[in-house]
J.: 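Provided herewith is a single structure, encoded as structure tokens, for subsequent inquiry.
Order of the sequence lines fixes the chain letters, A, B, ..., with proteins taken first and strands second; residue numbering starts at 1 for each chain.
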Amino acid sequence: MDLRLMTAEPTAAERDAVDKVLGEPDSGWVGGLRRAVDGHAAVGGRSIRERRHQLLPALHAVQSSAGWISQGALNYICRRLTVPPAEAYGVVTFYAMLSTTPRPPRVAHVCDDVSCAVAGAGGLKAALERKLGPAGLGTGEVTWIRSPCLGMCDQAPAVFLQLAGGHDWAIGSAEPDSVVSGLVGQTPAFETGDSSDLHVSSGGPLLARVGKESPSDLGDYRAAGGYSALARAFDMGPQAVIDEITLSGLTGRGGAAFPTGRKWQAVADAAGPRYVVANGDESEPGTFKDRVLMEEDPFAVIEAMAIAGWAVGAEKGYLYIRGEYPLATQRLGDAIEQARVYGLLGGNVLGRGVAFDIELRRGAGAYICGEETALFNSIEGYRGEPRSKPPYPTERGLFGQPTLVNNIETLANVLPIINGGGQAFAATGTPGSTGTKLFCLSGSVNRPGVYEVAFGATLGQLLDMAGGVRPGRRLQAILVGGAAGSFVEPDSLDVPATFEGLGAIGASLGSGAVVVFDDTVEMPSIVGRIAEFFRDESCGQCVPCRVGTVRQEEALHRLIEGPPDGQVGLLNEIAAVMRDGSICGLGQTAATAVQSAVALGLVGGAT
Amino acid sequence: MSGVVITVDGRPVETSADLTILETCREEGLDIPTLCFLENLTPANTCRICVVEIGGSRALVPACSRRVESGMQIKTESERVRHTRMMVLELLGSSVDLSLTPLVDQLMDRYGAAPDRFDGGATVEEAPTIDNQLFVRDYAKCILCYKCVQACGVDAQNTFAISVVGRGFEARIATEYQLALPDSACVFCGNCFGVCPTGALIPTTEYEMRAAGTWDEDAQTVTRTICPYCGVGCNLDLVVQDNRILKALSPLDHDVTSGHLCIKGRFGWQHVQSE
Amino acid sequence: MEDTDLIVLWGSNAREAHPIFFHHILKAIHSGARMYAIDPRRTTSTQWADMWLGLDVGSDIALANAVGREIIAAGLQNQTFIDRATVGFEAYRQSVEQWTLDRAEAVTGVPAEAIRALAHEYAKAGRAQLCWTLGITEHHNATDNVLALINLALLTGHVGRYGSGLVPIRGQNNVQGGGDMGALPNKLPGFQDVENDKARERFEAAWAATLNPVKGWHLSQMFEAMARGELRALYVIGENPAQSEADTNHTVELLRGLDFMVVQDIYLTKTAELANVVLPAAAGWVESEGTVTSSERRVQRVRKALDPPGQARDDIDILSDLARRMGHHWATPTAEQAWDELRSLSPIHAGMSYPRLEELGGLQWPCRDEDDPGELFLHGRLWHDPPGGPPAPFTPVEDSPPLDVLSEEYPIRLTTGRRLDSFNTGVQSGGYESPIRRGETIDLSPEDGAALAVAEGERVLVSSRRGAVRAPVRFDPSLRPGLAFMTLHFPDEVETNRLTNDAWDPKSGTAEFKATAIRIDRLDT
């Protein structure tokens, strides 16, 4: 491709950061030294354009080395990968973690989303403003900015530290001093990331190893029965594996609840090459279960992906993990390395002649990339905009090939299904919701955390498991399913938290987020934060979502601040166009929570 | 290319499985509005004004990109469809300047759209960018239909000088680091303004004449001829007023150009009217 | 083009010189076609290729013969096609036998492995298009260069099939039409031979006039005839030889020496300034009606959108009036009437009525009657069994390096070409302001710039054995050391053609614009 690059040159450090990810350039035409032979021949075209999927890793490398993406650095990346600079710039500006302007190299992303707001994020921000100046404006080495949900609602308020020159880090139960010392002090080594903050309750197989086995030792994992499922899957053969998944009744845990077996079958039936993608871009506000799985049981995720690869006939898997999950990223990366060393990934898995390997890809701050087709675009080096469906991923997914994409929790369920059989799995839970489910309890509860229960438990039982609201407080509302979910009131505590149970009251299980609000919480600001979240996270591609999320926030603001006349009607009309007309699930659900809040009178007074 | 039977607004329609809903409906004489669609580009289906209701589908589907399937039950003007179109017009009309968008007033009337319901809301405020002699970028008129990006990109020119940058309501069409076009990869083929549906991208001649009030479409003729430069044989549609060429377009349906030109064809006509 | 599997772009920078043709190449690439590009420079076109072969200027035949030899040595030739539809294979095989990959590498500079890859992919491709332009033809051995490429197509059967063929791309909007209309020294309209009595008789009958039965001179021969004093008067229509010909100094001298010159043009060109009579003409593409023929033999209508300025008149008007002044009572025909007369005399155009051209957006010849849809590609007959007509001949050709040899005194190879926003001598393209136009420069590799100790933007003296010009230096990494580049777009700024060699190909009459030996000297300031 004929590129016209900018004139800026990279610094030596920027070049090194890129070369570390991409390797040394192999000719003078892609950024290396001009050799005599380069004057007479060059390989180019498709083989170079096909390197584009390395764009985001290269951008990450520069961002975490230099703290921003300069023109020179972007230029060099574009030359290395044959990407037009305008397109690369479009990609950079899509992601919250990447900056195209110089900014302090150490940035605290302070979550003030629904769960952290309940836990005092407002006070934290005010304190940081006093200590560090207004958001984003630090001129020295450090600054802070607001952030949407960081997936650490069990440790609210949470802060993600983006530390150029070191490695990123997240801190829970953040206080002004811990944030500042995290910014200026020594970053803790990953090995020190312990599980002491973990609040999990295992009522089933998914969390059985969590907090008990070391997440960093493949030996421990195998001693605890790890890799028995993969061996068994190899013995069964691909079709039998798919049949077992189908028999289990497992449905997707990412929010859409699509029957997993049917998806696997569709990919297996399509002509290859095929891919397996694990969706670890957990970004739904109030959701943090996948993070716990990836941090605490990374080998299980890898084993499940290998089984999926075997079942559908894919030799390559991508694990796309949220950019704000540094510990999970580190542990998964380490686990993948160990698995390769021990022949559990690679060209000859378990010595059975089966090829399967996994590439770990890190997101860079975009809720929309959890949408499966946006995730494909992100991996491929494009803006993380959702694609029009059909074609579905099972027909044309990653790199245009049939792709199996499953949420992390969904994959985690594969192991017990293979080990214990689909029938046994289906016997757990309810007929419409089989197996166990991870619920993320946060907000005004005594013990926020991940709770694994057999499907069938009611919202009230979940609340009780988390210790209920604090003494003297009264339950005001629960947000079920995250920002894309719905508010319910205390009168719904008897509703089973199942697909069908919540569906019956017009709510949905979604990702399994259960954010609890007691009577001290100012609900209008919570609802307003959700509207703001969707406005910020809309990719901007389609009109209903791009403009609708703005108009929704404006109308909601008027409803709260006045004049409120006619705003409910307007909100309903905006909700309808977003639901009916948006390209993807983000826009289609961007009004759900706001609508439910208005209906319940949580904003704008009783209706 | 198998034949399929679908139902459109209650009527059975025989069509071909390789056609889109839009193509089928247009063959049936149904007027489905479009903004981001153009025959010579890959459907971007971003504006969502062409959506129709399909039996069994939760959300509405874009007619421009969705292919027909046997047995499809399509409603082209249902209440939900009409509401979505009205709202799309209102959302756009309240956030960007549609004054140069052809036929938009008729569409507003047809769907009863009243963008002023959102007066006071956020708008795309941006002064026109004039950084070269050939065309003006007036992004306050941009509906982000993606057509210019596609024409500059893989659908035609493959220069990729512009991209959508930023996200959400802040998303804009721009070069890398907002460089001026002459400093960017732009080759000034003008294929971007050739496909722009709202006048956000506009030749300087037209921009200046409109500002001066001398742009008079009633006094203009369009004549098709062949580009005077290389031997490829590109068709030019020359827009002429008062014996002066004002701009060069190209027919979408001609298989040499598919509507696209290079800088010489697009702008190289001034030699016949130099004084 | 869109449906081919392999594109070989040889001596063509279509990305800049034929941008919309390149759109079709890009469509093919996006549909999965692979591309090889052969060009001394790493042009924008070659950057789209899966492999670029940067041969030394003028070594095309060495490269083509090596490709042919490798195909034969690997047993990849299409023997069935060769046996049925061609003649002369054995002689060709022998002629290329010595062109091993190693020898070709030594002569062309292209790594043997790249030549081998091109040979194998071209031979194995299901469909392959071999496209070229002036990089092949602006050499002293232009015709041999073309024959070397034709040999490859015959060897592999990549000719006369849908998606497989030989594609010379024309540089002007109607250079093909000029040929169609008989603006060739040896042809009547419709490519009928002027020395063929039968053909000539038909024209003589229609025109009620006697035609000269001897073929005329081509352009280069005309200039030689001027030099000998045999050609004393010249009527130039829409051409600017004072700037477009190689070795400008010599050309202008010859034009000045004429007894009489008429120039009919839309501009007062440098040539017109030398003329005795200037006839201002309407711009054919926008101020009059008619047809042009594109590269793909597609005849299309041009239409009048503007009234011509001042005294400018339609070409048909001028010629009819001139005929009347010479005593022939020509009515002034409309463009359509003139075209219909052409159709009555040129069988390949017979089916192309104005209404059909209008309705179908043009027609590709041959189009023999009004039911004929025209031909998408030629030479399809070679795939008939037996092929209708004579077999296609292989023509052995030998490598012949550029005549302007490099020496210690002139150590740098200058080649010339086009830029995207400009056209030929800039008569038309100079009329608009282009944001990407940066005027003429002498483009050097950064290495040569450093060796010569010149700075970017510095004006230097560029000299060849024929003349010298001053031009600012630009560093261009698409050039390797020893290779320089200029255009001829800005003759008023830098008369590049003062440098170029007017040695011409005896078969086609094209001058060797592409290969000049130059030296660069710093100007003492």
J.: At a 4.5 Å cut-off on heavy atoms, which part of B:V222 comes close to chain C: side chain, backbone, both, or neither?
T.: neither
J.: Answer with side chain, backbone, both or neither: which region of B:L236 has an atom nearer than 4.5 Å to a non-hydrogen atom of chain C?
T.: side chain
J.: So what's closer than 4.5 Å to chain C heavy atoms on B:F188: side chain, backbone, both or neither?
T.: side chain
J.: Heavy-atom cut-off 4.5 Å, strictly under: side chain, backbone, both or neither for B:C186 against chain C?
T.: backbone
J.: Can you find a pair of side-chain heavy atoms, one from C:R170 and one from B:C230, that are under 4.5 Å apart?
T.: no
J.: Please classify the contact between B:H260 and chain C as side chain, backbone, both or neither, with a heavy-atom cut-off of under 4.5 Å.
T.: both
J.: Flag the pair B:D255 and C:R298 as a salt bridge only when some basic side-chain nitrogen lies within less than 4.0 angstrom of an acidic carboxylate oxygen.
T.: yes
J.: Pick one of side chain, backbone, both or neither for C:E433, based on which atoms fall under 4.5 Å of a heavy atom in chain B.
T.: both
J.: Tell me, for B:V187 versus chain C, whether the close heavy atoms (under 4.5 Å) come from the side chain, the backbone, both or neither.
T.: both
J.: In terms of ring plane angle, is the pair C:W285 and B:H271 parallel, tilted or perpendicular, where the classes change at 30° and 60°?
T.: tilted
J.: What part of B:T159 lies closer than 4.5 angstrom to a heavy atom of chain C: side chain, backbone, both or neither?
T.: both
J.: Determine whether the side chains of B:N158 and C:H30 contain a donor N or O and an acceptor N or O closer than 3.5 Å.
T.: yes
J.: Given that the side chain runs from C-beta out, which part of B:I226 has a heavy atom under 4.5 Å from chain C: side chain, backbone, both or neither?
T.: both
